[in-house]
Amino acid sequence: MASEKTIDKTAKPLIDKAKRDKVELVWDRFEKQGDKCNFGELGICCKNCTMGPCRLTHPSLPIYLRVGPHAAKANKGVCGAGYDTLVARNLSRAIAAGAAAHSDHGRDIAHTLLLTAENKASGYEIKDEGKLKALAAEFGIETTDKDKNVIAKELALAVLDEFGMVKGRLQFVERAPEVRQKLWKDLGIIPRGVDREIVEMMHRTHIGVDNDYANLILHGLRTSLSDGWGGSMIATELSDVLFGTPKPVTSRVNLGVLNEKEVNIVVHGHEPILSEMLAEAVNDPELVELAKMEGATGINLCGMCCTANELLMRRGIPVAGNFLDQELAVVTGAVEAMVVDVQCIMPSLGDVAKCYHTLFISTSPKAKFPSAEHIEFDDENGFDIAKGIVKRAILNFKNRNPGRVFIPPDPVDMMAGFSAEAIIAALGGSLTPLIDAIKEGTIRGIAALVGCNNPKVVHDKNHVEMTKALIKNDILVVETGCSAIACAKAGLLLPDAADMAGEGLKSLCKSLGIPPVLHMGSCVDISRILVVVASIADELGVDISDLPVAAAAPEWMSEKAVSIGTYAVASGIFTLLGLPPAIMGSSNVVDLLTAGAEDIVGGKFAVETDPIKAAELIIEVIDDKRKGLGL
């Protein structure tokens with residue numbers, strides 16, 4: 001039943017519609033998988049060479065996998081690698097993959113900035129010159145009496161150097177408190193270059209290289225820091241330069257934002273390079289007129305997943321949904337085009353689109369999909385390519401079957417746009433009022449909820465229930481990615497939601513006119529949270545690990561989330577996971593990440609699948625941090 005799969009009121013009827021339409025969804029495929037591979041869940045299988053695949057027996061495996069003629073009976077791989085090595089190696093490769101995804105995003109933004117500075121990128125311009133100059137100053141670039149494009153070129157080239165190894169230290173690491181930087185230096189985990197750390201991790205996990213689990217995980221911390229304080233931060237900061245630094249904005253969210261009378265285009269993925277041009281193209285007078293000639297009243301652009309967050313934060317464009325909503329948007333029968341770039345895009349969209357009239361259009365040379373029409377996007381011709389995609393969607397409007405259209409009613413209002421700069425502005429120009437509120441106990445602390453959806457849990461439930469429990473206990477919640485969209489759909493991203501908060505948090509929100517849950521952007525924008533907590537730590541004269549802050553990924557599923565969680569821990573933040581990672585096959589690795597890490601870097605992981613109990617753990621940690629500060 002739909003009610004067992006999601007708490008999203010607009011998703012439920014579309015799950016039922018998909019069943020009537022004989023369309024297979026993510027939940028159907030999940031059920032068809034049956035029991036999960038126990039070896040994979042424990043992290044004790046390896047296919048890194050052709051002497052394998054190897055799998056190790058383990059006491060927690062079901063008995064039929066431990067005895068009998070076909071059971072696994074080995075406690076070491078063919079090469080001699082044991083439980084600790086296999087688990088650490090698999091975890092480390094996941095960190096590297098996640099860091100690579102975010103960092104490749106950052107590199108693409110830097111490349112677009114370079115082309116824009118050279119007047120080679122169609123439709124792009126520098127929208128935040130103030131931030132451009134501030135970033136240039138961080139990189140030691142002189143800005144006096146220089147044209148903004150000259151500054152932008154120098155900045156873009158300096159940022160692209162961050163991906164190599166010549167410089168030997170990432171610039172944005174200097175945003176961390178000095179005590180944190182010293183800790184990283186003493187541990188030997190300051191990232192030397194974004195690509196350097198990712199490549200080295202892939203080398204270390206090749207057969208016969210690094211087989212010491214603690215050493216592997218230590219480099220995993222370094223690799224993740226190259227994401228959080230490197231690739232992700234680069235993506236966020238340069239996106240603000242190009243497309244504008246977000247400010248508070250209102251919009252609407254859920255699958256009800258689709259419009260029965262308009263041409264509906266859903267843009268899905270992560271990189272704003274494509275979506276920004278589509279946002280410009282849908283307002284082109286010629287295309288608007290063409291849409292009317294084709295029988296529509298206009299063009300409706302809305303976002304899905306983190307592309308949605310990017311467009312929402314800067315333009316107020318409506319959000320159709322998060323990760324597990326993507327197929328359901330097509331099931332409405334009202335989407336003329338689903339346009340995608342990279343990350344978190346289900347290849348099943350091609351099959352679902354075939355059941356309706358929807359065009360499934362891929363645009364990135366890095367990401368092609370079965371049954372998709374590929375229209376390759378490039379920065380130099382961005383606006384013209386975007387116009388061509390919009391035109392294809394408009395001309396598809398006549399193919400819509402009205403009898404198969406169902407758009408759920410009642411989209412939900414929301415407020416977003418809380419960049420670090422916007423938060424400081426809302427507080428009157430500094431973080432002092434927020435720090436004072438923490439000191440006085442008006443709010444107990446801050447929790448960052450981030451990450452994906454996962455069909456292993458009821459869609460959006462963990463995000464929403466954990467958030468409600470936290471704000472009820474006077475903890476300010478900041479969110480990014482699918483978590484932010486989940487809580488937006490539940491009405492938690494409105495100032496009126498302060499009525500659901502504890503008295504202290506409620507009074508703060510009412511005085512500032514803000515929600516108790518602040519939408520800070522997409523997945524890469526978790527770097528905004530790092531900037532805020534580092535600034536608070538600096539003002540208090542302490543380390544990040546001393547602050548009453550915590551992080552959680554209630555429904556995580558991707559390798560990006562592994563990297564995010566690891567750089568949060570490496571930054572000194574207690575990080576709670578709503579689903580267990582594949583590390584339970586090594587008690588040493590588990591102990592290192594859930595206990596030992598706190599002694600090393602000041603942060604640690606915990607796992608709790610119940611969202612209310614998870615909130616209680618976070619509250620306990622925050623209260624302990626308050627005591628440590630004498631609050």
Side-chain angles (χ1 to χ4, degrees), residues 96-122 124-129 131-143 146-175 190-202 222-243 245 270-274 276 310 341-343 364-366 377-380 382 522-525 527 530-531 560 563 567:
H102 277 161
S103 299
D104 213 26
H105 178 166
R107 186 190 348 259
D108 284 346
I109 299 291
H111 183 248
T112 301
L113 178 63
L114 178 61
L115 292 178
T116 302
E118 295 175 337
N119 295 310
K120 294 178 181 177
S122 166
Y124 299 96
E125 61 179 308
I126 293 164
K127 291 189 176 179
D128 193 334
E129 191 171 348
K131 189 153 194 176
L132 169 68
K133 291 180 177 178
L135 291 173
E138 284 191 66
F139 280 82
I141 297 168
E142 178 58 51
T143 62
K146 279 186 181 178
D147 180 78
K148 66 179 181 180
N149 284 336
V150 174
I151 299 169
K153 182 173 181 177
E154 291 184 33
L155 177 62
L157 291 172
V159 167
L160 288 169
D161 278 345
E162 298 284 285
F163 290 87
M165 60 173 284
V166 174
K167 186 177 178 182
R169 177 187 170 101
L170 295 186
Q171 184 64 43
F172 287 141
V173 164
E174 295 183 14
R175 292 180 168 187
I190 288 181
R192 298 156 293 181
V194 177
D195 292 349
R196 166 68 188 270
E197 307 308 351
I198 294 168
V199 170
E200 184 169 314
M201 180 55 82
M202 297 308 292
R222 190 179 214 171
T223 305
S224 72
L225 289 171
S226 78
D227 174 358
W229 297 87
S232 281
M233 204 167 280
I234 287 167
T236 292
E237 299 291 50
L238 297 192
S239 292
D240 286 354
V241 169
L242 278 169
F243 310 125
T245 301
H270 281 72
E271 297 181 351
I273 300 168
L274 163 69
E276 282 287 328
E310 298 277 5
D341 49 34
V342 295
Q343 298 176 23
S364 171
K366 303 171 190 174
F377 188 84
D378 69 78
D379 306 357
E380 296 186 32
S522 65
C523 291
V524 296
D525 292 333
S527 59
L530 293 179
V531 170
K560 291 184 301 177
S563 179
Y567 74 62

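Starting from 1, each residue takes its place in the sequence as its number.
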Could you pull out the closest heavy-atom pair between [X] and [Y], with the gap in Å?
| X | Y | result |
| --- | --- | --- |
| Gly228 | Ser527 | O-CB, 3.8 Å |
| Gly106 | Ala235 | CA-CB, 3.6 Å |
| Ser563 | Gly98 | CB-C, 3.9 Å |
| Cys523 | His270 | SG-NE2, 4.2 Å |

Less than 4.5 Å apart, any side-chain heavy atom of [X] and any of [Y]?
| X | Y | answer |
| --- | --- | --- |
| His102 | Thr236 | no |
| Ile273 | Ile109 | yes |
| Tyr567 | Leu530 | yes |
| Glu125 | Leu242 | no |
| Asp379 | Ser122 | no |
| Ser103 | Phe163 | yes |
| Asp240 | Glu237 | yes |
| Met233 | Val531 | yes |

Assess the side chains of [X] and [Y]: does a donor N or O sit below 3.5 Å from an acceptor N or O?
| X | Y | value |
| --- | --- | --- |
| Asp341 | Ser364 | no |
| Ser224 | Asp227 | no |
| Lys560 | His105 | no |

Residues forming a side-chain contact (heavy atoms from CB on, under 4.5 Å) with [X], sequence neighbours excluded:
| X | answer |
| --- | --- |
| Asp378 | Glu380, Asn381, Ile385 |
| Asp147 | Asn149, Val150 |
| Lys148 | Ile126, Glu129, Leu132 |

Atom pair [atom1]/[atom2] of [X] and [Y] - distance to nearest 0.5 Å:
| X | Y | atom1 | atom2 | result |
| --- | --- | --- | --- | --- |
| Ser239 | Asp525 | OG | CG | 7.5 Å |
| Asp108 | Leu274 | CG | CG | 11.5 Å |
| Glu154 | Lys146 | CD | NZ | 3.5 Å |
| Thr112 | Lys120 | OG1 | NZ | 13.5 Å |
| His111 | Thr116 | NE2 | OG1 | 10.0 Å |
| Ile198 | Arg222 | CD1 | CZ | 13.0 Å |

Would Ser226 and Leu170 satisfy side chain to side chain contact (heavy atoms under 4.5 Å, CB included), going step by step from the backbone distance to the final call? CA-CA 8 Å; Ser226 78; Leu170 295 186; 4.3 Å; yes
Just by modelled atom types, is the Arg192 backbone N or O under 3.5 Å from a matching donor or acceptor in the Glu197 side chain? yes
Quick one: which of Arg196, Lys167, Arg169 gives a salt bridge (charged side-chain N to carboxylate O under 4.0 Å, His left out) with Glu162? Lys167
Taking only residues two or more places apart in sequence or in another chain, which ones pass salt bridge (Lys or Arg N to Asp or Glu O under 4.0 Å) with Asp128? none
Leu238 and Val159: side chain to side chain contact (heavy atoms under 4.5 Å, CB included), yes or no, with the steps? CA-CA 9 Å; Leu238 297 192; Val159 167; 3.9 Å; yes
Suppose we screen for ring-ring contact (aromatic ring centres under 6.0 Å, His included). Which residues come up paired with Tyr124, at least two apart in sequence or across chains? none
Do any side-chain atoms of residues 133-140 form donor-acceptor pairs under 3.5 angstrom with protein atoms, and if so which ones, sequence neighbours left out?
unit_1: Glu138; atom_1: OE1; unit_2: Arg175; atom_2: NE; d: 3.1
unit_1: Glu138; atom_1: OE2; unit_2: Arg175; atom_2: NE; d: 3.4
unit_1: Glu138; atom_1: OE2; unit_2: Arg175; atom_2: NH2; d: 2.6

Apply the test side chain to side chain contact (heavy atoms under 4.5 Å, CB included) to residues Met165 and Asp195: give CA-CA distance (whole Å), side-chain angles for both, the deciding distance (0.1 Å), then the verdict. CA-CA 8 Å; Met165 60 173 284; Asp195 292 349; over 6 Å; no
Walk me through whether Val194 and Arg107 qualify under side chain to side chain contact (heavy atoms under 4.5 Å, CB included). CA-CA 10 Å; Val194 177; Arg107 186 190 348 259; over 6 Å; no
